[in-house]
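Note sheet for the following structure.
This chain uses plain numbering: 1 for the first residue, then up along the sequence. Source: prediction; values computed, not measured.
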Amino acid sequence: MKLHELQNTFNRQARKRVGRGDGSGHGRTAGRGDKGAGARAGAKRRPYFEGGQIPLIRRLPKRGFSHATHVEFEVVNLDILEKNFEAGQEVTRETLLEKGLLSKAGLPLKILSNGEVTKALKVTADKFSAQARAKLEAAGGTVTQLMPTFEEAKAAKHAAHVACKHKKAALAAQAALKASAEK
């Protein structure tokens, strides 16, 4: 056997050699069709282009709305706290996880008011519904909210804005003093 007699053990499809005459089957327009953008050099089609047909994304119905700042919570109702905790016990994310009462450990915890509570519990959660807070406090318990309320967040944002304005004004005054001292 000689080097020029070597062959592959599996078949490979031959490369399409376009523009080599009509007899090749890929002559004249070289498989690009007649005229139009696709026949020109550098022609590209965007992904999922459907040949001018109304695209799938436009044919599908539009339903609902997803808010950009929506927060999903792991919720626990008061009746669950009533069943699983004794009076005076602390209720936190960790104690709820130990008892197997939370399924989505990564989400913030919110206490809702479904059910009644008769025991004084010390509850710490990210958020509380207004009714849940009122029921827990009426039963003699304490409530600790970790996430700021809307009003608190708004006040903090406003305070930061005012502080930034004052800082800019102070820096401008310092620059003016420095400039006048150099003259």
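- Of the N and O atoms on the side chains of H26 and S24, not one donor lies less than 3.5 Å from an acceptor on the other residue.
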Apply side-chain contact (heavy atoms from CB on, under 4.5 Å) to residues R93 and D126 and explain how you reach the verdict.
CA-CA 9 Å; R93 167 178 290 288; D126 295 297; 3.7 Å; yes

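- Here the closest non-hydrogen pair linking A132 and L78 is CA-CD1, 4.1 Å.
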Result block: side-chain N/O donor-acceptor pairs under 3.5 angstrom for residues 159-180, not counting sequence neighbours:
unit_1	atom_1	unit_2	atom_2	d
S180	OG	A176	O	3.3
S180	OG	L177	O	2.8

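- Between the side chain of E116 and the backbone N or O of D79 there is no donor-acceptor pair closer than 3.5 Å.
- In terms of modelled atom types and a separation under 3.5 Å, the side chain of K122 and the main chain of G141 share no donor-acceptor contact.
- Once rounded to the nearest 0.5 Å, the distance linking CD1 of I111 with OG of S129 reads 9.0 Å.
- Q145 is listed as a side-chain neighbour of K127, based on a closest heavy-atom distance under 4.5 Å.
- Summarising the geometry of R40 relative to R32, their closest heavy-atom pair is O-NH1, 3.1 Å, with the distance given to 0.1 Å.
- Side chain of E5 to backbone of K2: a donor-acceptor contact under 3.5 angstrom is found.
- Linking Ile, Leu, Val, Met, Phe, Trp and Tyr residues whenever their side-chain heavy atoms come within less than 4.5 Å places V143 and L121 in a single cluster.
- A continuous path of hydrophobic side-chain contacts links V71 to V75 [ILVMFWY only; heavy atoms under 4.5 Å].
- Heavy-atom minimum distance, L109 versus T124: CD2-O, 4.3 Å.
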Test log, rule side-chain contact (heavy atoms from CB on, under 4.5 Å), inputs L96 and L81:
CA-CA 9 Å; L96 289 167; L81 299 183; 4.0 Å; yes

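- Closest non-hydrogen pair, E152 versus M147, comes out as OE1-O, 4.5 Å.
- Here the straight-line distance linking atom NZ of K83 with atom CG of N77 works out to 9.5 Å at 0.5 Å rounding.
- Both L97 and F85 are assigned to one and the same hydrophobic cluster, defined by single-linkage of ILVMFWY side chains at heavy-atom distances under 4.5 Å.
- Annotation: cation-pi pair K44/F49 absent, no NZ/CZ under 6.0 Å from the ring centroid and within 45° of its normal.
- By the criterion of side-chain heavy atoms lying less than 4.5 angstrom apart, applied directly or through intervening Ile, Leu, Val, Met, Phe, Trp or Tyr residues, L112 is not grouped with V117; the two fall into different hydrophobic clusters.
- To the nearest 0.5 Å, atom CG of residue N114 and atom CD of residue Q131 are 10.0 Å apart.
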Just do the side-chain contact (heavy atoms from CB on, under 4.5 Å) check on T144 and V123 with the steps written out, would you?
CA-CA 6 Å; T144 308; V123 185; over 6 Å; no

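- In this structure, R59 places its CZ atom where more than 12 heavy-atom neighbours from other residues, nucleotides or ligands lie under 6.0 Å away.
- Within the 4.5 Å cutoff, side-chain heavy atoms of E74 are placed close to those of S103.
- With hydrogens and angles disregarded, no donor-acceptor distance shorter than 3.5 Å links the side chain of R28 to the backbone of D22.
- Residues E50 and L56 share a closest heavy-atom pair of OE2-N, 2.8 Å.
- Linking ILVMFWY residues whenever their side-chain heavy atoms come closer than 4.5 Å, directly or via other members, places L102 and I80 in the same cluster.
- Using a 4.5 Å heavy-atom cutoff, the side chains of Y48 and I57 are not in contact.
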Side chain to side chain donor-acceptor pair (under 3.5 Å) between T95 and E90: does it pass, once the steps are laid out?
CA-CA 8 Å; T95 56; E90 280 198 36; over 6 Å; no

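- Annotation for K99: atom NZ counts as buried by contact number, over 12 foreign heavy atoms lying within 6.0 Å.
- Taking each heavy atom of A37 and A43 in turn, the nearest pair found is O-CB, 2.8 Å.
- For E137, the CD atom sits in a packed shell: over 12 heavy atoms of surrounding residues, nucleotides or ligands are nearer than 6.0 Å.
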